[in-house]
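In each ligand, atom 1 is the first atom listed, and ligand 1 is the first ligand listed.
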Amino acid sequence: MKPGYLILAPEVRAAVEDRRPVVALESTIIAHGMPFPKNVETALRVEKAVRDAGAVPATCAIIAGKLKAGLSAAEIELLGKEGPAIPKASRRDLPYLVSQEKNGATTVASTMIIAHLAGIRIFATGGIGGVHRGAATTMDISADLQELAHTPVAVVSAGAKSILDLGLTLEYLETFGVPVIGYQTDEFPAFYTRRSGFGVDYRLDSPADIAKLLKTKWEMGLQGGVIIANPAPEEHQLDPDVMNRAIETALADADRQGVKGKAITPFLLAAIEKLTGGRSLEANIELVLSNASLGAAVAVEMAH
Ligand code: PSU
Ligand code: MN
């Protein structure tokens with residue numbers, strides 16, 4: 001890439017250059033995934049969790065048209081305060097936002113792009129986008145999945161919410177050659193709940209084994225990412241029946257109101273939070289913290 005588009009925070013640049021562990025973090029979760037001020041508070045706690053586990057956090061976003069890896073506290077505050085007024089930026093949104101010098105909150109897809117450009121291999125988030133229910137007619141498949149197919153960054157997540165069609169999401173990942181690794185689990189987690197009924201491709205029980213798999217994949221020259229699925233902490237997962245009811249209601253509301261395209265994921269997240277009386281938000285925060293710690297542990301192993 002031509003210089004000038006990407007800005008690494010000094011601490012991130014130094015760590016990348018010295019091959020010390022770095023973990024990328026996304027910002028759609030800040031601007032669109034959680035309400036203010038919990039979103040800002042969580043973003044800062046997640047950075048601290050990465051540091052406590054021995055890595056440097058690099059929260060990614062587009063600020064005044066610059067792709068940024070590593071934000072100041074003021075930039076995180078801005079994303080959190082302006083919330084939904086900040087455009088949700090996936091791969092297709094980057095040329096517009098950058099050329100118009102606008103701000104953007106990066107999704108899994110665009111955070112992977114920035115991480116890769118910055119030389120960062122590990123990225124921790126809450127949940128990934130996927131194949132939506134009804135995709136056979138809507139063709140709504142998150143650009144996150146294509147990014148995982150092509151961009152060499154490992155994404156630590158608590159799986160995907162069952163607002164998506166998890167079976168089709170896993171089929172799509174198989175077709176595009178993205179390994180789905182369960183961390184200490186044989187089952188693909190469904191974000192709020194540790195179980196989904198769907199298996200992972202392979203289970204690995206230590207950050208060292210995960211790092212070994214990543215190194216092996218990329219040393220062989222295989223393109224694309226890896227999904228590291230880390231179930232939500234046991235004590236914070238939500239009751240599957242409560243969750244499934246909330247999801248059904250939220251999906252029906254979205255359908256009635258004609259919500260589509262990139263607005264659908266934030267709409268469903270907010271609706272579910274209301275329907276579970278805020279308990280989904282607490283679970284969401286805890287699982288992101290847990291993913292950040294695991295991401296850092298894998299990054300530490302990668303750096304050895
Ligand atoms: N899933 C969640 N929380 C989120 C997202 C997904 O449980 O905040 C966000 C992520 O940034 C993800 C994006 O990359 O939504 C996917 O949006 P879409 O389905 O429009 O690609
Ligand atoms: Mn979509």
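Among protein heavy atoms, atom 8 (O) of ligand 1 sits closest to Leu269 CD1, 3.7 Å. Counting only heavy atoms of the protein, atom 12 (C) of ligand 1 lies nearest to Asp144 OD2, 3.3 Å. With hydrogens left out, the protein atom closest to atom 15 (O) of ligand 1 is Thr265 CG2, 3.7 Å, a heavy atom.
Residue Ser142 has at least one nitrogen or oxygen atom sitting less than 3.5 Å from a nitrogen or oxygen atom of ligand 1, judged on distance alone. Geometrically, ligand 1 and Thr107 share no nitrogen or oxygen pair separated by less than 3.5 Å. Geometrically, ligand 1 and Thr106 share no nitrogen or oxygen pair separated by less than 3.5 Å. Not a single N or O atom of Gly129, backbone or side chain, sits closer than 3.5 Å to an N or O atom of ligand 1.
The existence of a salt bridge linking Lys215 and Glu219 is excluded, since no basic side-chain nitrogen approaches an acidic carboxylate oxygen closer than 4.0 Å. Salt bridge status for Asp241 with Arg245: absent, with no side-chain N to carboxylate O gap under 4.0 Å. By the 4.0 Å N-to-carboxylate-O rule, Lys38 lies too far from Glu273 to be salt-bridged with it.
Those atoms of ligand 1 with a heavy atom of Lys161 less than 4.0 angstrom away are 2 (C), 3 (N), 7 (O). Of all the atoms in ligand 1, the ones that sit under 4.0 Å from a non-hydrogen atom of Thr28 are 9 (C), 11 (O).
Listed by chain and number, Asp140 OD1 are the protein N/O/S atoms closer than 2.8 Å to the Mn ion (ligand 2), with waters left out.
With a heavy-atom cut-off of 4.0 Å, Glu26 touches ligand 1 through its side chain alone.
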